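See structure below.
Just so it is clear, the model here is predicted, and its values are computed rather than measured.
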Amino acid sequence: KDKGKDKGKDKGKDRGGDKGAGKDKGTGKGKSRTGLPSLEDGNGAEDQDAFAREREEKRLEREQTVKAFWDSLPEDRLTPEEQRMRTLLLGNLQGTGRQPVRLSAICQGPDVQSSKAA
C-alpha cells in the first residue's frame, strides 16, 4: 500500500488514548496538592511541623526587617532627599496653574527622575 499517503495527517493528535487521566500530576512524592507534606507517609506530621516552623521563622524575619526600616526613619521630619522630592513635586504641580496634570507625567521629568535616583 501507499505508506506516504497519510504521512503527517495525524499531527497533533493524541494517539496514546487516555494515559494518566484522573491522576494527580505534578505534586511530587510525599506532597499534597497544596505543596504541604502529605500525611499519608509516616513522616507527614513531622514534615508539616518543620514546614510550619520554617514559615513562622520567615514571617518573623520579614517583620524584623520592616521594623528596622521604620525605626531607621526620622520620627518628625523628612530626610533631605525626601524634602527635595517634595519641593520638586510641589513646584511642578504649582507650575501647571489650574490645568489638571497627572502625577505620573510629573514623575517622568528629569529633575524628579534624578531625585528618585538619589
Does the distance from a Lys or Arg side-chain N to an Asp or Glu carboxylate O, for Arg59 and Glu56, drop under 4.0 Å? yes
Is it true that Lys58 and Glu54 have a side-chain N and a carboxylate O under 4.0 angstrom from each other? yes
Short question: side chain of Gln94, backbone of Gly91 - any donor-acceptor pair under 3.5 Å? no
Check: Asp111 and Asn92 side chains under 4.5 Å, non-hydrogen atoms: yes
How far apart are the closest heavy atoms of Gln113 and Cys107, and which atoms are they? NE2-O, 2.6 Å
Is there a chain of hydrophobic side chains (I, L, V, M, F, W, Y, each step under 4.5 Å between heavy atoms) that links Val101 to Leu88? yes
Side chain to side chain contact (heavy atoms under 4.5 Å, CB included) between Leu103 and Leu89, worked out: CA-CA 8 Å; Leu103 183 59; Leu89 291 173; 4.1 Å; yes
Residues, nucleotides or ligands: over 12 heavy atoms within 6.0 Å of Glu61 CD: no
Given the rule that I, L, V, M, F, W and Y join up when any side-chain heavy atoms are under 4.5 Å apart, are Leu73 and Val66 in one cluster? yes
CD on Glu81 to CD on Gln83, rounded to 0.5 Å: 11.0 Å
Measuring only between side-chain heavy atoms, which start at C-beta, is Glu46 closer than 4.5 Å to Asp49? no
